[in-house]
Amino acid sequence: MGATFADDDDRDRTCCGNMLERAPSAKPPFTIGQLRKAIPPHCFQRSVLRSSSYLALDLALIAVFFYATRYILLLEKNNNNWGGDALGWTMWAVYWTLQGCVATGVWVIAHECGHHAFSDYQWLDDTVGFLLHSCLLVPYFSWKYSHRRHHSNTGSVDRDEVFVPKKKKEIAAAAGGGSGVTEYLQHPLGRILMIALMLLLGWPLYLICNVSGRKYPRFASHFDPNSPIYSRREQLQIVISDVGLLLAGIGLYRLGTAYGFLWLFKVYGVPLLIVNMFLVLITFLQHTHPALPHYEDAEWDWLRGALATVDRDYGILNSVFHHIVDTHVAHHMFSTMPHYHAMEATKAMKPILGRYYQFDSTPVPLALYRDFKECMYVEADADGGDGVLWFSAKLTQAS
């Protein structure tokens, strides 16, 4: 459950009933400069060699897992069956899980390239990030720019770019319009269905038509260089991103025609779906929590907004995902810091952050269901606090 911890022992503590206490929403008694001074200077140093070593390990694992599929395919051939009976299905499930998890780590490294956290050379970061994200069907520059604006406006209900929470009046309008969605969300099966749809379709719908993103006066898409998401000087790079996806698509089509599209779906398509689901899951849980405030323009400032995020514990996947999940607070403070220094930086900042640091050790499936249930919309407290909004799930009051 939601928690604020000041030391490592507390961070490792199991959940208990009082850990959904709201995070502080007042202006912090510290500055970003004080946080930076508390972190050892070497944490801000980027190493091409070290960054590349993590990427090389990930790519090597992906190659090993891919090579192992030949034995699964041989098993299928010998059994004259798509899945080689129960053993074949089990082997595919293991492959999909391992490949999806490691490929998510590659996605995270490309994300670091977009933040200029891979090396000291912007051209190298953009080249590596463009190649990696294109192979994962991500428009690198398009997402880089919208994600940069997310970091510039985190916690703002008016200007943030992703998983922007709905206000109470929007939920009330949806309920009054007879959409039926709010009714589904009041039942466990309805919530589970909506969670499944969010994980499966959330990422492509966000890229295609900005679902869950900031409201713009006209249609917004990550594939459109004229989208209101982007400035005129960014339009050429949006086209380059689209070209990268087109080339990746042509390459995948040729692989499909050469080896079969069913083969392509099994070795590439399913792991990619897992990557996309992890991306939605990670982002949702980083910024959706009953303890986190959101701000309207009158109250928002960068530091308070950046603190409106929560570190999570994914167990062994913390390392597989290069600690994007358990050091996300530090990432929002200093996004150009490489991931291999983020844990040390987090430890150095926590004494200063105090209750402003949020960590949640709830098992991820339970946290996903709880936060999806409890964080339906945001509203200000009835006794004041205009401009500071908190999550709520009282649908009967919103209708």
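Just so we're clear, the structure is a prediction, and the values are computed from it rather than from any experiment.
When only modelled atom types and interatomic distance are considered, E344 and H42 share a side-chain donor-acceptor pair under 3.5 Å. Side-chain polar atoms of D311 and Y357 form a donor-acceptor pair below 3.5 angstrom. Looking at D224 and Y230, their side chains never bring a donor and an acceptor atom within 3.5 Å of each other. Judged by distance alone, the side chains of H331 and H151 do bring a donor and an acceptor atom under 3.5 Å apart. Between the side chains of S119 and D125, at least one donor N or O lies within less than 3.5 Å of an accepting N or O. Of the N and O atoms on the side chains of H115 and H147, at least one donor lies less than 3.5 Å from an acceptor on the other residue. R191 and Y369 are linked by a side-chain donor-acceptor pair at a separation below 3.5 angstrom, with hydrogens and angles left out of the test.
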Only pairs under 3.5 Å count here: list side-chain donor-acceptor contacts from residues 194-213, not counting sequence neighbours, and write none if there are none.
{"from": "Y206", "atom 1": "OH", "to": "E161", "atom 2": "O", "distance (Å)": "3.3"}
{"from": "N210", "atom 1": "ND2", "to": "R214", "atom 2": "O", "distance (Å)": "2.7"}

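Side chain of T283 to main chain of V280: no donor-acceptor pair is present (N/O by atom type, distance under 3.5 Å, no hydrogens or angles). Not one N or O on the side chain of T309 forms a donor-acceptor pair closer than 3.5 Å with the backbone of V329. In this structure, E170 contributes its side chain and K167 its backbone to a donor-acceptor pair below 3.5 Å. Side chain of T31 to backbone of Q34: a donor-acceptor contact under 3.5 angstrom is found.
L389 CG to L292 CG: the interatomic distance, rounded to the nearest 0.5 Å, is 13.0 Å.
In this structure, F66 has its ring center no closer than 6.0 Å to that of Y95.
Residues in residues 46-56 take part in these side-chain hydrogen bond (donor to acceptor under 3.5 Å, both in side chains) pairs, two or more places apart or across chains: R46-D120, S51-Y340.
Annotation: side chain of I39 is not in contact with side chain of M333 (no heavy-atom distance under 4.5 Å). Side-chain contact between R312 and H289 is present, with at least one heavy-atom pair separated by less than 4.5 Å. Side-chain contact between F391 and Y377 is absent, with no heavy atoms from C-beta onward closer than 4.5 Å. F372 has its side chain within reach of F284: a pair of non-hydrogen atoms, C-beta onward, lies under 4.5 Å apart.
A salt bridge links E76 with K266: at least one charged nitrogen is closer than 4.0 Å to a carboxylate oxygen. Ion pairing of D160 with K215 is absent here, as no side-chain N (NZ or NE/NH1/NH2) approaches a carboxylate O to less than 4.0 Å.
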Q: Dump the intermediate steps for side chain to side chain contact (heavy atoms under 4.5 Å, CB included) on M343 and N318, then the final yes or no.
A: CA-CA 11 Å; M343 292 185 70; N318 292 342; over 6 Å; no

Q: Under the side chain to side chain contact (heavy atoms under 4.5 Å, CB included) rule, what do H332 and T154 come out as? Steps first, then yes or no, please.
A: CA-CA 9 Å; H332 266 271; T154 307; 3.1 Å; yes

Q.
For T346 and H341: C-alpha separation, side-chain torsions, deciding distance, then whether side chain to side chain contact (heavy atoms under 4.5 Å, CB included) applies.
A. CA-CA 9 Å; T346 298; H341 293 314; over 6 Å; no

Q: List the steps and the verdict of salt bridge (charged side-chain N to carboxylate O under 4.0 Å, His left out) for E234 and R149.
A: CA-CA 13 Å; E234 295 166 345; R149 292 184 176 91; 2.9 Å; yes

(Q) Pair V310, H328 - check side chain to side chain contact (heavy atoms under 4.5 Å, CB included), show working. (A) CA-CA 7 Å; V310 57; H328 199 66; over 6 Å; no

Q: List the steps and the verdict of salt bridge (charged side-chain N to carboxylate O under 4.0 Å, His left out) for K169 and E379.
A: CA-CA 9 Å; K169 60 184 180 181; E379 64 174 340; over 6 Å; no

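In terms of heavy-atom proximity, I62 sits nearest to A103 at CD1-CA, 4.2 Å.
Under a cutoff of 6.0 Å and an axis angle of 45°, R36 and F44 form a cation-pi pair.
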